[in-house]
Amino acid sequence: MCTSILYNSNEHYFGRNLDYEIAYGQKIVITPRNYEFDFHDLPSQKSHYAMIGVSVVDDNYPLYCDAINEKGLGVAGLNFEGPGQYFPVEKGKKNITSYELIAYLLSNYETVEDVKQGLADANISDISFSENLPAAVLHWMVADKTGKSIVIESSHKGLNIYENPVNVMTNNPVFPVHLINLSNYADVSPIQPTNFLAPKVELNMYSRGLGTHHLPGGMDSASRFVKATFALAHAPQGKSEIENVTNHLHVLKSVEQAKGLDEVGPDSYEYTMYSDCMNLEKGILYCTTYNDSRIRAVDMHKEDLDSEKLICYNLFKDQDIEYEN
Ligand SMILES: C[C@H](CCC(=O)NCCS(=O)(=O)O)[C@H]1CC[C@H]2[C@@H]3[C@H](O)C[C@@H]4C[C@H](O)CC[C@]4(C)[C@H]3C[C@H](O)[C@]12C
């Protein structure tokens, strides 16, 4: 399972939990403006916007899981097993493979509105990057620094783009079903509830937080969608970069998966491999990983963004405990 969010404060922060059982050797990768993208069915691009994100690099090609560009646009790919479907290359359409969609959008567009227009005649094609890396069935959340986000889904109905009023996305089912499901939890609240159950009886409100009693806590995508929506909608606005990054990561932590809780095979469990938070104004990626709770950061603007070579940093590190004695 995975969860992505856009947290809006005085600046805008986009990121996700990547929950899975297989690590692909992801790194933090900056693609500078003059790295040449050799797109499969689109003209190759010698120059484009620079981007930073979490990516697998294979054959010197950045296969992004989630990333932002220097203009403040962000895209994340999340599993969409079930409804997700890609189609053969179609003449007359803008054919984009699923593995290059993030790089293509971030190379060319600045806002969610640009993306909507740019994908009006698009087809997500069913081409794989290689035999070893077959096409992953994904849907995508796209966000920008105006504080808006959309969801892109390719299913048997073709390509659909949805406005995302809650700025949250998880996995299957299709996005409109997640939105409808929220109504079932409309009375979940940070406030202690009023006793409408038996108004003449004085109930013993035995605990704080009773307004959240019906908030789902499961690892499944529908539960995470509701819980992350609640946590994000009530997250305070930070007064500094550190407060904003902290708030953003706490929303993601509200739906993180610890090892052992979500079995996907014999002795195999999905867990939150990393959580990231990317400042759309500043081009800084912050992250924690399952084995390293310390927040680390990479600032794209501290690198030569006019270069032609990918710049990579390790993502997965060991736990760094600060012993006090
Ligand atoms: C497994 C990841 C999604 C995590 C997720 O949504 N989990 C929920 C699972 S489920 O609903 O509960 O089944 C996805 C997100 C981005 C994907 C990667 C990116 O798309 C980049 C490349 C794309 C290549 O086609 C395949 C390898 C790959 C490196 C992908 C591997 C894998 O499918 C990733 C890492």
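Each ligand, and each atom within it, is numbered from 1 in the order the structure gives. Computation of the quantities below employed the complete heavy-atom set of this structure, encompassing side-chain atoms and omitting hydrogens, waters and symmetry-equivalent molecules.
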If we number the atoms of ligand 1 from 1 as shown, the ones under 4.0 Å from a heavy atom of Ala136 are 25 (O), 33 (O)

Lys/Arg-Asp/Glu bridge criterion (N-O < 4.0 Å) met for Glu70, Arg33
yes

Given the ring of Tyr271, does Lys259 sit roughly above its face, with NZ or CZ under 6.0 Å from the centre of the six-membered ring and within 45° of the axis?
yes

Check each of Leu78, Leu133, Asn79 against atom 11 (O) of ligand 1 and report the one with the nearest heavy atom.
Asn79

Out of Ser4, Cys65, Gly77, whose heavy atom is nearest to atom 15 (C) of ligand 1?
Gly77

With no hydrogens and no angle check, just 3.5 Å: does a side-chain donor-acceptor pair link Asp58 and Asn132?
no

For Pro134 and ligand 1, does the shortest N/O to N/O distance drop below 3.5 Å?
yes

Below a 4.0 angstrom heavy-atom separation, can you tell me which part of Tyr64, side chain or backbone, both or neither, approaches ligand 1?
backbone

Location of contacts on Leu63 toward ligand 1, heavy atoms closer than 4.0 Å
both

Proximity to ligand 1 by part of Cys2, non-hydrogen separation under 4.0 Å:
both

Going by the angle between their ring planes, with limits at 30° and 60°, are Phe230 and His234 parallel, tilted or perpendicular?
tilted

Partner of Asp19 by side-chain hydrogen bond (donor to acceptor under 3.5 Å, both in side chains), out of Thr272, Asn171, Thr170
Thr272

Short list, please: which atoms of ligand 1 are under 4.0 Å from a heavy atom of Ala135?
25 (O)

Nearest non-hydrogen contact with atom 14 (C) of ligand 1 belongs to which option: Asn132, Asp220, Leu138, Asp19?
Leu138

For ligand 1, which atoms sit closer than 4.0 Å to a heavy atom of Val56?
29 (C)

What part of Phe129 sits under 4.0 Å from ligand 1 if we count only heavy atoms: the side chain, the backbone, both or neither?
neither

With a cutoff of 4.0 Å, is Asn172 in contact with ligand 1, counting heavy atoms of the residue only?
no

For ligand 1, is there an N or O atom under 3.5 Å from any N or O atom of Tyr20?
no

Which of parallel (below 30°), tilted (30 to 60°) and perpendicular (above 60°) describes Phe175 and His178?
tilted

Testing the basics here: between Phe316 and Thr289, what is the closest heavy-atom pair and its distance to 0.1 Å?
CD2-CG2, 3.9 Å

Counting distance only, does the side-chain N/O of Glu100 pair as donor-acceptor with the main-chain N or O of Thr97 below 3.5 Å?
yes

If we set the cut-off at 4.0 Å for heavy atoms, which region of Asn171 has an atom near ligand 1: side chain, backbone, both, or neither?
side chain

Could you check whether the rings of Tyr61 and Tyr99 sit parallel, tilted or perpendicular, using 30° and 60° as the cut-offs?
perpendicular

